[in-house]
Each structure stands twice: as structure tokens, then as C-alpha cells.
Visitor: 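A single structure is presented below for examination.
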Amino acid sequence: QVQLVESGGGLVQAGGSLRLSCAASGRAFSSHVMGWFRQAPGKEREFVGSISWSGGRITYADSVKGRFTISRDNGKNMAYLQMNSLKPEDTAVYYCAARGSWSMDPSQYPYWGQGTQVTVSS
């Protein structure tokens, strides 16, 4: 079992920045792929990005590429999502998730945090 808790969401104006954190506990965090996903009202949960256990492989959705940065600190059991140049369409509940192997499919992730709301005003 891996327990995940997100923090860092909030209200920000368009063009602003936020940094989301994901604190992990339980089974070896460093052996899991960490994914970030988001879900806007009335929409399906979508892939934002993911990072391999070593941090050596990172993938982003096209919609956030160049604006968002994923990182992790295995020594602290933490994963991060730095979001810059935020747009109103980035408004959603953001989730971190963990899985034993690489995937961009949210249905393949067994461990999820509770989510944190990000609202970007125009």
C-alpha cells in the first residue's frame, strides 16, 4: 500500500504559478512511478504527466508541456508538480497517483491521493 496526500492547490490568476506537492508513505515510494492527473467538472480524468522511479524518464501531456515540471525527491518521499503560466483551462482537481510500472492511463494506477483544487481566474 502507498498512501498519498496532495497539497498546494489554490486560486491563482492567469499567468501565475503554483507548486503542488504529493507526500507518500507506506511501501517503497522510490520503486513507484508517480503520475499527475487532473479532472475538471463534467470531464474525464486526464493525464498531466508522470515521472519514473529514478526521475530519469518524464512525460507530459501536450497541453502542459513547457509550462509544467514534474520532479521527485525519493529521500523525502515527495513528488512535485510545478505549474507556470497557468491558464483558466488548467482549472481542475489535481491528483497524484502511484504505480509499479510506467503508464499514462489513470485506470492503471492503484494508489491515489485525495486531490487538491486548482482554480485559475481570467
Side-chain angles (χ1 to χ4, degrees):
Q1 288 281 349
V2 177
Q3 292 80 41
L4 303 171
V5 178
E6 302 97 336
S7 61
L11 173 64
V12 64
Q13 289 188 330
S17 298
L18 280 175
R19 187 196 197 201
L20 305 184
S21 298
C22 177
S25 60
R27 294 184 61 186
F29 168 77
S30 61
S31 65
H32 286 77
V33 172
M34 296 301 299
W36 285 94
F37 299 85
R38 65 186 182 186
Q39 189 165 18
K43 295 188 177 181
E44 292 187 352
R45 192 165 298 188
E46 67 172 356
F47 173 78
V48 173
S50 57
I51 184 168
S52 64
W53 65 270
S54 68
R57 179 183 181 184
I58 303 175
T59 299
Y60 298 98
D62 288 344
S63 58
V64 306
K65 200 172 295 183
R67 300 188 297 122
F68 289 12
T69 303
I70 294 174
S71 61
R72 66 190 296 163
D73 184 338
N74 288 339
K76 296 182 178 179
N77 281 6
M78 296 291 294
Y80 305 99
L81 179 64
Q82 177 68 43
M83 305 185 293
N84 299 329
S85 302
L86 282 161
K87 305 175 181 179
E89 51 264 43
D90 294 318
T91 295
V93 177
Y94 283 71
Y95 300 88
C96 64
R99 188 174 189 267
S101 57
W102 189 263
S103 177
M104 295 186 289
D105 181 353
S107 69
Q108 298 298 313
Y109 280 75
Y111 306 114
W112 290 84
Q114 83 288 353
T116 185
Q117 176 71 46
V118 171
T119 303
V120 185
S121 62
S122 57

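From a predicted model like this one, the values you see are computed outputs, not experimental measurements. Starting from 1, each residue takes its place in the sequence as its number.
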Visitor: Taking side-chain contact (heavy atoms from CB on, under 4.5 Å) as the definition, give me every residue that meets it alongside Glu89, ordered by chain and number, with sequence neighbours left out.
Guide: Lys87

Visitor: State the OG-CD1 distance between Ser50 and Ile58, to the nearest 0.5 angstrom.
Guide: 9.0 Å

Visitor: To check you understand the geometry: which heavy-atom pair defines the closest contact between Met83 and Leu20, and what is its length?
Guide: CE-CG, 3.7 Å

Visitor: Looking at every non-hydrogen atom in both residues, tell me the closest pair between Ser31 and Trp53 and how far apart they are.
Guide: C-CB, 4.0 Å

Visitor: Going by atom types alone, do Asp105 and Ser107 pair a side-chain donor with an acceptor below 3.5 Å?
Guide: yes

Visitor: If only atom types and distance count, is the side chain of Thr119 paired as donor or acceptor with the main-chain N or O of Thr91 below 3.5 Å?
Guide: no

Visitor: Leu4 vs Tyr95, test: side-chain contact (heavy atoms from CB on, under 4.5 Å). Steps then yes/no.
Guide: CA-CA 9 Å; Leu4 303 171; Tyr95 300 88; over 6 Å; no

Visitor: Are more than 12 heavy atoms from other residues, nucleotides or ligands located less than 6.0 Å from atom CD of Gln114?
Guide: yes

Visitor: Taking atom OG of Ser25 and atom CD of Gln1, what is their separation to the nearest 0.5 Å?
Guide: 10.0 Å

Visitor: Filter on salt bridge (Lys or Arg N to Asp or Glu O under 4.0 Å), then keep only pairs touching residues 70-81, sequence neighbours left out; what's left?
Guide: none

Visitor: Determine the minimum heavy-atom distance between Ala14 and Ser122, stating which atoms define it.
Guide: CB-CA, 4.4 Å

Visitor: Minimum heavy-atom separation for Ser52 and Trp102, please, with both atom names.
Guide: N-CZ3, 3.4 Å

Visitor: Main chain of Thr116, side chain of Glu6: is a donor-acceptor contact present, judged purely on distance under 3.5 Å?
Guide: no

Visitor: Working to the nearest 0.5 angstrom, can you tell me the gap between Asn77 CG and Ser30 OG?
Guide: 7.5 Å

Visitor: Quick check on the hydrophobic clustering: are Leu81 and Val12 connected, directly or via other members, by side-chain heavy-atom contacts under 4.5 Å?
Guide: yes

Visitor: What's in the same ILVMFWY side-chain cluster as Met78, cut-off under 4.5 Å, chained through other members?
Guide: Tyr80

Visitor: Say you draw a straight line from SG of Cys96 to CD1 of Ile51; how long is it, rounded to the nearest 0.5 Å?
Guide: 12.5 Å

Visitor: So which atom in Thr59 and which in Phe47 form the shortest heavy-atom distance, rounded to 0.1 Å?
Guide: O-CZ, 3.7 Å

Visitor: Among residues two or more places apart or on two chains, list those pairs meeting salt bridge (Lys or Arg N to Asp or Glu O under 4.0 Å) that have a residue in residues 49-63.
Guide: Asp62-Lys65

Visitor: Give me each pair satisfying salt bridge (Lys or Arg N to Asp or Glu O under 4.0 Å) with a member in residues 31-53, each pair once, sequence neighbours excluded.
Guide: Arg38-Glu46, Arg38-Asp90

Visitor: Closest approach of Val33 and Ser101, non-hydrogen atoms and distance?
Guide: CG2-C, 3.6 Å

Visitor: Decide if the gap between the ring center of Tyr109 and the ring center of Phe37 is smaller than 6.0 angstrom.
Guide: yes

Visitor: Give the intermediate values and the outcome of side-chain contact (heavy atoms from CB on, under 4.5 Å) for residues Asn74 and Phe29.
Guide: CA-CA 7 Å; Asn74 288 339; Phe29 168 77; 3.2 Å; yes

Visitor: Only counting residues at least two apart or in another chain, list the ones meeting side chain to side chain donor-acceptor pair (under 3.5 Å) with Asn84.
Guide: Ser17, Gln82

Visitor: Check the hydrophobic clustering (I, L, V, M, F, W, Y; side-chain heavy atoms under 4.5 Å; chains of links allowed) and say if Trp112 and Val93 are grouped together.
Guide: yes

